[in-house]
Amino acid sequence: MLDAQAQLEILRRGVDQIVPEAEFLKRLERSIRENRPLRVKYGIDPTGIDVHLGHTVPLRKLRQFQDLGHKAVVIIGNYTAMVGDPSGRDETRSALTAEQVAANARDYLKQVGRIIDLEKAEVHHNGDWFGKWGFLDVLDLMRRMTLGQISAREDFAKRIKDEKPVYLHECLYPLMQGWDSVEIDADVELGGTEQLFSLLVARQLQPLRGQEPQIAMTMPILVGTDGTRRMGKSLGNYIGVAESPEEQFGKVMSVPDEPMAQYFTLLTDLPQPEVRELLAEGTNPRDAKEVLGKSIVAQYHGREAADRAAAAFRRRSAGEDPLEIPVVHLSADKLDAEGRIAAPALLKEIGFEASTSSARRVIEGGGFNVGPRREVVTDPKALVYVKDGLIVRSGKRKIAEIRLV
RNA sequence: GGGUGGAUACCCAAGCGGUCAACGGGGCCAGACUGUAAAUCUGGUGGCUCUGCCUUCGCAGGUUCGAAUCCUGCUCCACCCA
(Lines give C-alpha, C1' and ligand atoms only; values in the text may rest on other atoms or scores of the structure.)
Protein backbone atom coordinates (compact mmCIF):
# COMPACT_ATOMS: atom_id res chain seq x y z
CA MET A 1 0.00 0.00 0.00
CA LEU A 2 1.20 3.48 -0.86
CA ASP A 3 1.99 5.82 2.00
CA ALA A 4 -0.51 8.47 3.00
CA GLN A 5 1.20 11.35 1.25
CA ALA A 6 1.41 9.46 -2.03
CA GLN A 7 -2.23 8.49 -1.77
CA LEU A 8 -3.25 12.03 -1.01
CA GLU A 9 -1.41 13.24 -4.08
CA ILE A 10 -3.27 10.83 -6.33
CA LEU A 11 -6.62 11.47 -4.71
CA ARG A 12 -6.21 15.23 -4.91
CA ARG A 13 -6.43 15.36 -8.68
CA GLY A 14 -9.42 17.33 -9.83
CA VAL A 15 -10.77 17.68 -6.31
CA ASP A 16 -12.41 20.90 -5.28
CA GLN A 17 -12.45 20.69 -1.48
CA ILE A 18 -11.59 18.22 1.23
CA VAL A 19 -13.32 19.16 4.48
CA PRO A 20 -11.50 19.01 6.80
CA GLU A 21 -8.30 18.26 4.91
CA ALA A 22 -5.97 17.75 7.85
CA GLU A 23 -8.29 15.15 9.25
CA PHE A 24 -8.35 13.35 5.93
CA LEU A 25 -4.60 12.91 5.94
CA LYS A 26 -4.72 11.56 9.48
CA ARG A 27 -7.45 9.17 8.54
CA LEU A 28 -5.38 7.91 5.60
CA GLU A 29 -2.39 7.41 7.87
CA ARG A 30 -4.40 5.48 10.39
CA SER A 31 -5.95 3.37 7.69
CA ILE A 32 -2.49 2.32 6.57
CA ARG A 33 -1.23 1.82 10.09
CA GLU A 34 -4.13 -0.34 11.15
CA ASN A 35 -4.50 -1.91 7.74
CA ARG A 36 -8.13 -0.92 7.66
CA PRO A 37 -9.47 0.43 4.36
CA LEU A 38 -11.48 3.64 4.42
CA ARG A 39 -15.17 3.31 3.75
CA VAL A 40 -15.82 5.71 0.88
CA LYS A 41 -19.41 6.53 0.14
CA TYR A 42 -20.98 7.74 -3.04
CA GLY A 43 -24.72 8.05 -3.44
CA ILE A 44 -26.59 8.15 -6.67
CA ASP A 45 -30.29 8.66 -7.15
CA PRO A 46 -31.84 6.53 -9.84
CA THR A 47 -33.85 9.35 -11.35
CA GLY A 48 -33.18 8.55 -14.97
CA ILE A 49 -31.66 5.69 -16.83
CA ASP A 50 -28.58 7.40 -18.23
CA VAL A 51 -25.36 7.62 -16.30
CA HIS A 52 -23.36 10.35 -17.96
CA LEU A 53 -19.85 11.73 -17.73
CA GLY A 54 -20.93 14.18 -15.05
CA HIS A 55 -21.62 11.26 -12.74
CA THR A 56 -18.35 9.66 -13.64
CA VAL A 57 -16.35 12.47 -12.04
CA PRO A 58 -17.01 11.27 -8.47
CA LEU A 59 -17.30 7.68 -9.67
CA ARG A 60 -13.82 7.82 -11.14
CA LYS A 61 -12.61 9.21 -7.83
CA LEU A 62 -14.29 6.31 -6.10
CA ARG A 63 -12.47 3.99 -8.46
CA GLN A 64 -9.18 5.61 -7.47
CA PHE A 65 -9.96 4.87 -3.84
CA GLN A 66 -10.68 1.28 -4.79
CA ASP A 67 -7.42 0.98 -6.66
CA LEU A 68 -5.63 2.23 -3.57
CA GLY A 69 -7.22 -0.54 -1.56
CA HIS A 70 -10.14 1.28 0.04
CA LYS A 71 -13.74 0.18 0.23
CA ALA A 72 -16.24 1.70 -2.18
CA VAL A 73 -19.74 1.93 -0.78
CA VAL A 74 -22.38 2.80 -3.32
CA ILE A 75 -25.75 3.99 -2.14
CA ILE A 76 -28.58 3.65 -4.56
CA GLY A 77 -30.94 6.34 -3.37
CA ASN A 78 -34.19 4.67 -4.19
CA TYR A 79 -35.88 6.56 -1.36
CA THR A 80 -34.13 9.87 -1.81
CA ALA A 81 -35.01 9.66 -5.50
CA MET A 82 -38.62 9.89 -4.52
CA VAL A 83 -37.90 13.16 -2.79
CA GLY A 84 -35.73 14.65 -5.49
CA ASP A 85 -32.43 16.27 -4.73
CA PRO A 86 -32.88 20.02 -4.58
CA SER A 87 -29.13 20.65 -4.80
CA GLY A 88 -28.04 23.11 -7.39
CA ARG A 89 -31.50 23.53 -8.76
CA ASP A 90 -33.74 26.47 -8.73
CA GLU A 91 -36.87 24.45 -9.01
CA THR A 92 -38.48 21.39 -7.53
CA ARG A 93 -37.72 18.05 -9.07
CA SER A 94 -40.59 15.99 -10.25
CA ALA A 95 -41.22 13.05 -8.01
CA LEU A 96 -40.82 9.52 -9.25
CA THR A 97 -42.93 6.50 -8.51
CA ALA A 98 -41.54 3.50 -6.69
CA GLU A 99 -41.75 1.38 -9.84
CA GLN A 100 -39.82 3.85 -11.95
CA VAL A 101 -37.17 4.06 -9.30
CA ALA A 102 -36.81 0.31 -9.02
CA ALA A 103 -36.43 -0.09 -12.75
CA ASN A 104 -33.93 2.72 -12.96
CA ALA A 105 -31.89 1.36 -10.08
CA ARG A 106 -31.23 -1.94 -11.83
CA ASP A 107 -30.11 -0.17 -14.95
CA TYR A 108 -27.92 2.21 -13.00
CA LEU A 109 -25.83 -0.46 -11.40
CA LYS A 110 -25.03 -1.95 -14.76
CA GLN A 111 -23.78 1.39 -15.96
CA VAL A 112 -21.94 2.24 -12.76
CA GLY A 113 -20.15 -1.08 -13.15
CA ARG A 114 -18.39 0.33 -16.17
CA ILE A 115 -16.43 2.62 -13.90
CA ILE A 116 -16.01 1.02 -10.54
CA ASP A 117 -15.37 -2.59 -9.63
CA LEU A 118 -18.72 -3.74 -8.32
CA GLU A 119 -17.28 -7.08 -7.26
CA LYS A 120 -15.26 -5.33 -4.60
CA ALA A 121 -17.80 -2.66 -3.78
CA GLU A 122 -20.59 -2.63 -1.25
CA VAL A 123 -23.97 -1.65 -2.64
CA HIS A 124 -26.91 -0.51 -0.55
CA HIS A 125 -30.33 0.88 -1.31
CA ASN A 126 -31.35 3.51 1.19
CA GLY A 127 -34.87 2.13 1.07
CA ASP A 128 -33.43 -0.82 2.97
CA TRP A 129 -33.45 1.30 6.10
CA PHE A 130 -35.85 4.13 5.34
CA GLY A 131 -38.43 1.61 4.22
CA LYS A 132 -38.61 0.28 7.76
CA TRP A 133 -39.01 3.64 9.39
CA GLY A 134 -42.05 4.87 11.20
CA PHE A 135 -43.26 8.38 11.64
CA LEU A 136 -41.48 8.80 14.95
CA ASP A 137 -38.17 7.96 13.32
CA VAL A 138 -38.78 10.70 10.79
CA LEU A 139 -39.57 13.15 13.55
CA ASP A 140 -36.41 12.23 15.36
CA LEU A 141 -34.37 12.89 12.25
CA MET A 142 -36.05 16.23 11.61
CA ARG A 143 -35.19 17.28 15.15
CA ARG A 144 -31.54 17.49 14.10
CA MET A 145 -31.82 20.53 11.92
CA THR A 146 -33.45 23.94 12.09
CA LEU A 147 -35.40 25.80 9.48
CA GLY A 148 -32.69 28.45 9.57
CA GLN A 149 -29.98 25.94 8.73
CA ILE A 150 -31.99 24.48 5.91
CA SER A 151 -33.05 27.77 4.40
CA ALA A 152 -29.48 29.03 4.52
CA ARG A 153 -28.68 26.62 1.77
CA GLU A 154 -27.94 28.53 -1.37
CA ASP A 155 -30.48 26.79 -3.54
CA PHE A 156 -33.30 27.12 -1.04
CA ALA A 157 -32.35 30.70 -0.22
CA LYS A 158 -32.45 31.58 -3.87
CA ARG A 159 -35.84 30.02 -4.37
CA ILE A 160 -37.26 31.78 -1.36
CA LYS A 161 -35.90 35.07 -2.61
CA ASP A 162 -37.34 34.49 -6.09
CA GLU A 163 -40.69 33.60 -4.55
CA LYS A 164 -40.44 30.12 -5.94
CA PRO A 165 -41.86 27.19 -4.02
CA VAL A 166 -39.82 25.17 -1.56
CA TYR A 167 -41.67 22.06 -0.45
CA LEU A 168 -41.20 20.60 2.98
CA HIS A 169 -40.21 17.16 1.78
CA GLU A 170 -37.29 18.71 -0.04
CA CYS A 171 -35.93 19.92 3.27
CA LEU A 172 -35.67 16.29 4.30
CA TYR A 173 -33.32 15.42 1.50
CA PRO A 174 -30.04 16.47 3.11
CA LEU A 175 -31.05 14.76 6.34
CA MET A 176 -31.78 11.53 4.54
CA GLN A 177 -28.50 11.68 2.70
CA GLY A 178 -26.75 12.35 6.00
CA TRP A 179 -28.42 9.40 7.62
CA ASP A 180 -27.20 7.12 4.87
CA SER A 181 -23.69 7.86 6.09
CA VAL A 182 -24.65 6.79 9.60
CA GLU A 183 -26.11 3.52 8.32
CA ILE A 184 -22.97 2.57 6.47
CA ASP A 185 -20.49 4.20 8.84
CA ALA A 186 -18.77 6.28 6.17
CA ASP A 187 -15.23 7.61 6.50
CA VAL A 188 -15.38 9.72 3.37
CA GLU A 189 -18.20 10.85 1.14
CA LEU A 190 -17.83 12.05 -2.42
CA GLY A 191 -20.06 14.51 -4.20
CA GLY A 192 -20.21 17.55 -6.42
CA THR A 193 -19.35 20.97 -5.02
CA GLU A 194 -23.03 21.79 -4.61
CA GLN A 195 -23.28 18.75 -2.36
CA LEU A 196 -21.09 20.22 0.36
CA PHE A 197 -24.03 21.12 2.57
CA SER A 198 -25.50 17.63 2.40
CA LEU A 199 -22.11 16.04 2.92
CA LEU A 200 -21.62 18.05 6.08
CA VAL A 201 -25.01 17.13 7.52
CA ALA A 202 -23.70 13.63 8.02
CA ARG A 203 -20.97 15.03 10.24
CA GLN A 204 -23.67 16.22 12.64
CA LEU A 205 -25.53 12.95 12.62
CA GLN A 206 -22.74 10.41 12.88
CA PRO A 207 -21.67 11.31 16.45
CA LEU A 208 -25.21 10.47 17.60
CA ARG A 209 -24.30 6.87 16.94
CA GLY A 210 -20.80 7.22 18.30
CA GLN A 211 -19.23 7.41 14.87
CA GLU A 212 -16.43 9.64 13.75
CA PRO A 213 -17.69 12.32 11.37
CA GLN A 214 -16.97 11.60 7.74
CA ILE A 215 -14.68 13.63 5.50
CA ALA A 216 -16.42 15.50 2.73
CA MET A 217 -14.67 15.47 -0.62
CA THR A 218 -16.20 17.58 -3.35
CA MET A 219 -15.57 17.49 -7.06
CA PRO A 220 -16.16 20.28 -9.55
CA ILE A 221 -19.33 20.17 -11.58
CA LEU A 222 -18.65 19.03 -15.11
CA VAL A 223 -20.00 21.34 -17.78
CA GLY A 224 -22.08 19.80 -20.49
CA THR A 225 -21.54 19.67 -24.22
CA ASP A 226 -22.83 23.21 -24.52
CA GLY A 227 -19.77 24.34 -22.60
CA THR A 228 -21.67 26.47 -20.11
CA ARG A 229 -24.29 24.68 -18.07
CA ARG A 230 -23.71 21.66 -15.88
CA MET A 231 -23.96 18.36 -17.63
CA GLY A 232 -27.37 16.93 -17.06
CA LYS A 233 -30.00 14.73 -18.55
CA SER A 234 -32.72 17.31 -18.37
CA LEU A 235 -30.59 19.85 -20.20
CA GLY A 236 -29.86 17.39 -22.97
CA ASN A 237 -26.17 18.33 -22.94
CA TYR A 238 -24.74 15.08 -21.69
CA ILE A 239 -22.55 12.26 -22.94
CA GLY A 240 -23.79 8.93 -21.66
CA VAL A 241 -21.48 6.11 -20.63
CA ALA A 242 -23.74 3.65 -22.44
CA GLU A 243 -23.69 5.51 -25.73
CA SER A 244 -21.95 4.14 -28.81
CA PRO A 245 -18.31 4.99 -29.52
CA GLU A 246 -19.32 7.18 -32.46
CA GLU A 247 -21.86 9.12 -30.42
CA GLN A 248 -19.48 9.61 -27.54
CA PHE A 249 -16.63 10.68 -29.75
CA GLY A 250 -18.77 13.00 -31.80
CA LYS A 251 -20.21 14.62 -28.72
CA VAL A 252 -16.77 15.18 -27.25
CA MET A 253 -15.73 16.88 -30.47
CA SER A 254 -18.80 19.09 -30.26
CA VAL A 255 -17.79 20.40 -26.85
CA PRO A 256 -16.46 23.95 -27.14
CA ASP A 257 -12.69 24.34 -26.85
CA GLU A 258 -12.69 26.18 -23.52
CA PRO A 259 -13.74 23.37 -21.15
CA MET A 260 -11.18 20.94 -22.57
CA ALA A 261 -8.77 21.39 -19.67
CA GLN A 262 -11.52 20.51 -17.23
CA TYR A 263 -12.45 17.45 -19.25
CA PHE A 264 -8.86 16.23 -19.31
CA THR A 265 -8.46 16.67 -15.57
CA LEU A 266 -11.72 15.14 -14.51
CA LEU A 267 -12.34 12.51 -17.16
CA THR A 268 -8.93 11.14 -18.04
CA ASP A 269 -5.79 9.98 -16.27
CA LEU A 270 -3.45 11.83 -18.59
CA PRO A 271 -0.66 13.40 -16.55
CA GLN A 272 -1.07 17.14 -16.20
CA PRO A 273 2.17 18.08 -18.00
CA GLU A 274 0.96 16.18 -21.06
CA VAL A 275 -2.36 17.95 -20.90
CA ARG A 276 -0.65 21.33 -20.75
CA GLU A 277 1.38 20.44 -23.80
CA LEU A 278 -1.70 19.43 -25.75
CA LEU A 279 -3.49 22.63 -24.90
CA ALA A 280 -0.49 24.90 -25.39
CA GLU A 281 -0.67 27.99 -27.54
CA GLY A 282 -0.21 27.25 -31.22
CA THR A 283 -1.40 23.69 -31.20
CA ASN A 284 -4.57 22.79 -33.02
CA PRO A 285 -7.37 22.38 -30.48
CA ARG A 286 -8.83 19.81 -32.80
CA ASP A 287 -5.91 17.48 -32.10
CA ALA A 288 -6.19 17.91 -28.35
CA LYS A 289 -9.88 17.21 -28.54
CA GLU A 290 -9.22 14.10 -30.56
CA VAL A 291 -6.88 12.77 -27.84
CA LEU A 292 -9.54 13.62 -25.30
CA GLY A 293 -12.28 11.91 -27.26
CA LYS A 294 -10.23 8.76 -27.80
CA SER A 295 -9.30 8.58 -24.15
CA ILE A 296 -12.90 8.88 -23.02
CA VAL A 297 -14.31 6.44 -25.56
CA ALA A 298 -11.57 3.94 -24.75
CA GLN A 299 -12.65 3.83 -21.13
CA TYR A 300 -16.06 2.53 -22.09
CA HIS A 301 -15.49 0.71 -25.36
CA GLY A 302 -11.80 -0.09 -25.55
CA ARG A 303 -8.86 1.37 -27.42
CA GLU A 304 -9.78 -0.16 -30.75
CA ALA A 305 -13.32 1.15 -30.87
CA ALA A 306 -12.03 4.56 -29.88
CA ASP A 307 -9.58 4.60 -32.76
CA ARG A 308 -12.26 3.51 -35.15
CA ALA A 309 -14.62 6.23 -33.97
CA ALA A 310 -11.89 8.83 -34.37
CA ALA A 311 -11.03 7.61 -37.86
CA ALA A 312 -14.67 7.65 -38.91
CA PHE A 313 -14.95 11.16 -37.60
CA ARG A 314 -11.94 12.27 -39.62
CA ARG A 315 -13.38 10.79 -42.77
CA ARG A 316 -16.59 12.64 -42.22
CA SER A 317 -14.97 16.00 -41.67
CA ALA A 318 -12.85 15.40 -44.76
CA GLY A 319 -16.09 14.96 -46.64
CA GLU A 320 -15.67 11.27 -47.29
CA ASP A 321 -18.31 8.61 -46.86
CA PRO A 322 -17.91 6.32 -43.87
CA LEU A 323 -16.49 2.85 -44.46
CA GLU A 324 -19.73 1.20 -43.53
CA ILE A 325 -22.85 2.68 -45.00
CA PRO A 326 -26.10 1.58 -43.44
CA VAL A 327 -28.58 -0.05 -45.76
CA VAL A 328 -32.21 1.02 -45.85
CA HIS A 329 -35.00 -0.77 -47.60
CA LEU A 330 -37.37 0.99 -49.92
CA SER A 331 -40.46 -0.63 -51.31
CA ALA A 332 -40.37 -0.53 -55.11
CA ASP A 333 -44.02 0.35 -55.35
CA LYS A 334 -43.25 3.77 -53.91
CA LEU A 335 -41.60 4.56 -57.25
CA ASP A 336 -43.45 5.70 -60.36
CA ALA A 337 -43.44 3.82 -63.66
CA GLU A 338 -40.03 5.21 -64.54
CA GLY A 339 -38.47 4.35 -61.20
CA ARG A 340 -38.62 7.82 -59.72
CA ILE A 341 -39.78 9.27 -56.44
CA ALA A 342 -40.23 12.84 -55.25
CA ALA A 343 -37.18 13.96 -53.29
CA PRO A 344 -39.03 14.92 -50.07
CA ALA A 345 -40.97 11.66 -50.13
CA LEU A 346 -37.70 9.76 -50.47
CA LEU A 347 -36.21 11.40 -47.41
CA LYS A 348 -39.30 10.62 -45.44
CA GLU A 349 -39.60 7.03 -46.65
CA ILE A 350 -36.06 6.13 -45.63
CA GLY A 351 -36.53 7.70 -42.24
CA PHE A 352 -34.15 10.65 -42.59
CA GLU A 353 -36.87 13.16 -41.89
CA ALA A 354 -40.03 12.90 -39.85
CA SER A 355 -42.25 14.90 -42.19
CA THR A 356 -42.42 15.92 -45.80
CA SER A 357 -42.24 19.53 -44.76
CA SER A 358 -38.99 19.13 -42.89
CA ALA A 359 -37.60 17.09 -45.79
CA ARG A 360 -38.40 19.98 -48.12
CA ARG A 361 -36.54 22.36 -45.87
CA VAL A 362 -33.41 20.23 -45.86
CA ILE A 363 -33.60 19.92 -49.65
CA GLU A 364 -34.08 23.63 -50.20
CA GLY A 365 -31.22 24.31 -47.82
CA GLY A 366 -28.87 22.26 -49.97
CA GLY A 367 -28.37 19.43 -47.53
CA PHE A 368 -29.49 16.59 -49.77
CA ASN A 369 -27.32 14.86 -52.37
CA VAL A 370 -27.24 11.49 -54.08
CA GLY A 371 -24.95 9.09 -55.87
CA PRO A 372 -21.19 8.81 -56.19
CA ARG A 373 -20.95 12.31 -57.60
CA ARG A 374 -22.97 13.76 -54.76
CA GLU A 375 -25.38 15.53 -57.00
CA VAL A 376 -27.12 18.10 -54.89
CA VAL A 377 -30.88 18.28 -55.29
CA THR A 378 -32.28 21.62 -54.19
CA ASP A 379 -35.67 21.55 -55.90
CA PRO A 380 -38.24 20.00 -53.58
CA LYS A 381 -40.28 19.03 -56.61
CA ALA A 382 -37.47 17.11 -58.19
CA LEU A 383 -37.95 13.44 -58.93
CA VAL A 384 -35.05 11.19 -58.06
CA TYR A 385 -34.28 8.09 -60.10
CA VAL A 386 -33.75 5.32 -57.59
CA LYS A 387 -31.72 2.27 -58.51
CA ASP A 388 -30.73 -0.52 -56.17
CA GLY A 389 -27.60 0.55 -54.33
CA LEU A 390 -28.14 4.29 -54.68
CA ILE A 391 -26.42 6.23 -51.94
CA VAL A 392 -28.27 9.19 -50.48
CA ARG A 393 -26.93 11.73 -48.02
CA SER A 394 -28.65 14.34 -45.94
CA GLY A 395 -26.50 16.76 -44.04
CA LYS A 396 -23.12 15.59 -42.79
CA ARG A 397 -24.31 12.74 -40.68
CA LYS A 398 -27.09 10.95 -42.46
CA ILE A 399 -26.12 8.54 -45.16
CA ALA A 400 -27.67 5.35 -46.46
CA GLU A 401 -27.57 2.91 -49.31
CA ILE A 402 -30.96 2.10 -50.73
CA ARG A 403 -31.99 -1.48 -51.32
CA LEU A 404 -35.17 -1.87 -53.33
CA VAL A 405 -37.57 -4.51 -52.12
C1' G B 1 -60.54 30.94 4.02
C1' G B 2 -59.28 35.88 1.38
C1' G B 3 -56.37 38.30 -2.44
C1' U B 4 -53.17 38.60 -6.74
C1' G B 5 -50.67 36.84 -10.96
C1' G B 6 -50.27 33.13 -14.59
C1' A B 7 -51.20 28.86 -18.49
C1' U B 8 -48.59 30.77 -26.17
C1' A B 9 -44.91 26.07 -30.56
C1' C B 10 -38.85 21.65 -27.91
C1' C B 11 -37.59 25.52 -23.70
C1' C B 12 -37.81 30.73 -22.23
C1' A B 13 -40.78 34.63 -23.81
C1' A B 14 -43.63 38.69 -26.79
C1' G B 15 -48.48 39.52 -28.71
C1' C B 16 -53.99 41.68 -25.88
C1' G B 17 -60.04 42.10 -32.03
C1' G B 18 -58.06 41.83 -38.29
C1' U B 19 -51.69 42.94 -41.64
C1' C B 20 -50.65 35.84 -36.76
C1' A B 21 -48.34 29.69 -38.36
C1' A B 22 -47.80 34.02 -34.37
C1' C B 23 -41.75 39.23 -32.47
C1' G B 24 -37.17 37.98 -29.83
C1' G B 25 -33.68 34.56 -27.40
C1' G B 26 -32.01 29.48 -26.47
C1' G B 27 -31.92 24.76 -28.53
C1' C B 28 -32.14 22.00 -32.93
C1' C B 29 -31.58 21.31 -38.53
C1' A B 30 -29.11 22.85 -43.08
C1' G B 31 -25.35 25.84 -45.70
C1' A B 32 -20.51 28.68 -45.78
C1' C B 33 -15.87 28.78 -43.43
C1' U B 34 -12.34 25.76 -40.52
C1' G B 35 -8.45 19.27 -41.83
C1' U B 36 -12.91 20.22 -34.62
C1' A B 37 -19.99 18.00 -34.96
C1' A B 38 -15.47 24.35 -31.56
C1' A B 39 -15.84 29.61 -32.84
C1' U B 40 -17.94 32.85 -36.52
C1' C B 41 -21.45 34.03 -40.45
C1' U B 42 -26.17 32.82 -43.39
C1' G B 43 -30.86 30.48 -43.85
C1' G B 44 -34.61 27.44 -41.71
C1' U B 45 -37.52 25.61 -37.56
C1' G B 46 -46.72 22.98 -37.27
C1' G B 47 -48.64 19.71 -41.22
C1' C B 48 -50.02 18.63 -46.37
C1' U B 49 -51.46 16.26 -52.62
C1' C B 50 -47.29 23.52 -51.15
C1' U B 51 -47.13 30.14 -55.07
C1' G B 52 -52.46 27.30 -52.16
C1' C B 53 -54.92 24.53 -48.32
C1' C B 54 -55.53 22.39 -43.28
C1' U B 55 -54.71 22.31 -37.85
C1' U B 56 -52.45 25.21 -33.61
C1' C B 57 -51.90 29.88 -28.58
C1' G B 58 -54.50 25.21 -20.93
C1' C B 59 -59.96 22.79 -21.71
C1' A B 60 -65.23 23.63 -23.08
C1' G B 61 -68.65 26.96 -24.73
C1' G B 62 -70.11 32.08 -26.38
C1' U B 63 -69.84 37.27 -28.65
C1' U B 64 -68.15 39.00 -33.63
C1' C B 65 -68.06 39.45 -40.69
C1' G B 66 -63.37 38.07 -38.08
C1' A B 67 -60.41 35.88 -31.61
C1' A B 68 -54.06 33.82 -29.23
C1' U B 69 -56.35 38.52 -28.20
C1' C B 70 -63.29 40.08 -25.56
C1' C B 71 -67.13 37.20 -22.28
C1' U B 72 -68.71 32.69 -19.28
C1' G B 73 -67.59 28.16 -16.97
C1' C B 74 -63.85 24.57 -15.94
C1' U B 75 -58.89 22.52 -14.99
C1' C B 76 -54.04 23.31 -13.47
C1' C B 77 -49.84 26.33 -11.32
C1' A B 78 -47.56 29.94 -8.29
C1' C B 79 -47.11 34.00 -4.85
C1' C B 80 -49.07 37.10 -0.83
C1' C B 81 -52.32 37.67 3.59
C1' A B 82 -54.77 34.72 7.39
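Hydrogens, waters and symmetry mates play no part in the numbers below; they use all other heavy atoms, side chains included. Below, chain A is the first sequence line, B the second, and so on; all start at residue 1.
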Separation of [X] atom [atom1] from [N] atom [atom2], in whole Å?
| X | N | atom1 | atom2 | result |
| --- | --- | --- | --- | --- |
| A:Phe249 | B:A37 | CZ | C1' | 10 Å |
| A:Arg314 | B:U34 | CZ | P | 17 Å |
| A:Lys233 | B:C10 | NZ | C1' | 15 Å |
| A:Lys334 | B:U49 | NZ | C1' | 14 Å |
| A:Ile363 | B:G43 | CD1 | C1' | 16 Å |
| A:Lys381 | B:C48 | NZ | P | 16 Å |
| A:Lys348 | B:U49 | NZ | C1' | 12 Å |
| A:Glu246 | B:U36 | CD | P | 20 Å |

What are the two closest non-hydrogen atoms of [X] and [Y], and how far apart are they?
| X | Y | result |
| --- | --- | --- |
| A:Pro58 | A:His55 | CD-O, 3.2 Å |
| A:Leu25 | A:Gln5 | CD2-NE2, 3.7 Å |
| A:Lys61 | A:Val15 | CE-CG2, 3.6 Å |
| A:Val362 | A:Ser394 | CG1-OG, 3.6 Å |
| A:Ile10 | A:Gln64 | O-OE1, 3.7 Å |
| A:Val138 | A:Leu172 | CG1-CD2, 4.3 Å |

(request) Answer yes or no: is there an ion pair linking A:Asp137 with A:Lys132, defined by an N-O contact shorter than 4.0 Å? (result)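 No, this pair does not count.
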(message) Both A:Arg316 and A:Ser358 contact RNA chain B. Which one's nearest nucleotide lies toward the 5' end?
(response)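 Counting from the 5' end, the first nearest nucleotide belongs to A:Arg316.
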(message) Using heavy-atom distances to pick each residue's nearest nucleotide on RNA chain B, tell me which of A:Arg360 and A:Ala318 is more 5'.
(response)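 Its nucleotide being nearer the 5' end, the pick is A:Ala318.
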If we take the [atom1] atom in both [N] and [M], what is their distance in whole Å?
| N | M | atom1 | value |
| --- | --- | --- | --- |
| B:U63 | B:G25 | C1' | 36 Å |
| B:A60 | B:C65 | C1' | 24 Å |
| B:U64 | B:C74 | C1' | 23 Å |
| B:C77 | B:A38 | C1' | 40 Å |
| B:A68 | B:C23 | C1' | 14 Å |
| B:U4 | B:G27 | C1' | 33 Å |
| B:U51 | B:A78 | P | 48 Å |
| B:U8 | B:U56 | C1' | 10 Å |

(message) Mind checking if A:Ser355 touches a base, just sugar-phosphate, or nothing, with heavy atoms under 4.0 Å?
(response)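 The answer is sugar-phosphate, as A:Ser355 gets under 4.0 Å only of primed atoms, P, OP1 or OP2.
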(request) Evaluate the ring planes of A:Phe313 and A:Phe249, with Trp represented by its six-membered ring, and classify them as parallel (under 30°), tilted (30 to 60°) or perpendicular (over 60°). (result)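 Rings of A:Phe313 and A:Phe249: perpendicular, over 60°.
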(message) Taking the minimum atom-to-atom distance to the side chain of A:Met253, which one of B:U36, B:C48, B:G35 wins?
(response)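 That would be B:U36.
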(request) Begin with the C-alpha distance, continue with both residues' side-chain angles, and end with the deciding distance and a verdict on salt bridge (charged side-chain N to carboxylate O under 4.0 Å, His left out) for A:Arg308 and A:Glu304. (result) CA-CA 6 Å; A:Arg308 246 181 292 127; A:Glu304 204 184 311; 3.6 Å; yes
(message) At under 4.0 Å between heavy atoms, how does the protein contact nucleotides 23-33 of chain B? Give one character per nucleotide, 5' to 3', with B, S or -.
(response) -------SS--
(message) Under the side chain to side chain donor-acceptor pair (under 3.5 Å) test against A:Glu189, which residue among A:Gln177, A:Arg203, A:Gln195 passes?
(response)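 In the set A:Gln177, A:Arg203, A:Gln195, the residue that makes a side chain to side chain donor-acceptor pair (under 3.5 Å) with A:Glu189 is A:Gln177.
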(request) Would you jot down, in residue-number order, the residues of residues 279-290 of chain A having a non-hydrogen atom under 4.0 Å from RNA chain B? (result)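 Residues of residues 279-290 of chain A that come under 4.0 Å of RNA chain B are, in numerical order, A:Pro285, A:Arg286, A:Lys289.
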(message) Can you tell me if A:Thr356 touches the phosphate of B:U49, counting only side-chain N or O atoms and a distance under 4.0 Å to OP1 or OP2?
(response)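 So the side-chain polar atoms of A:Thr356 do come within 4.0 Å of the phosphate oxygens OP1 or OP2 of B:U49, strictly under.
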(request) Return no unless some side-chain N or O of A:Ser317 is found under 4.0 Å from OP1 or OP2 of B:G35. (result)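 The answer is no; no side-chain N or O of A:Ser317 sits under 4.0 Å from OP1 or OP2.
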(request) Quick one: the dot-bracket string of RNA chain B, using Watson-Crick and G-U wobble pairs with both distances under 3.5 Å, [ ] for crossing pairs and | for bases paired to another strand. (result) ((((((((.[[[..)..(.....]]]((((((.......))))))(((...)))...[[[[[..)....]]]]]))))))).
(message) Check whether A:Phe368 forms a cation-pi arrangement with A:Lys398 (NZ or CZ under 6.0 Å from the six-membered ring centre, at most 45° off the ring normal).
(response)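 Output no; distance or angle outside limits.
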(message) Quick one: does any side-chain atom of A:Lys71 pair with a main-chain N or O of A:Gln66 as donor and acceptor, under 3.5 Å?
(response)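 It does not hold such a pair.
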(request) Using modelled atom types only, decide if a donor and an acceptor are shared between the side chain of A:Gln214 and the backbone of A:Leu199 within a distance under 3.5 Å. (result)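 Judged by distance alone, yes, a pair lies under 3.5 Å.
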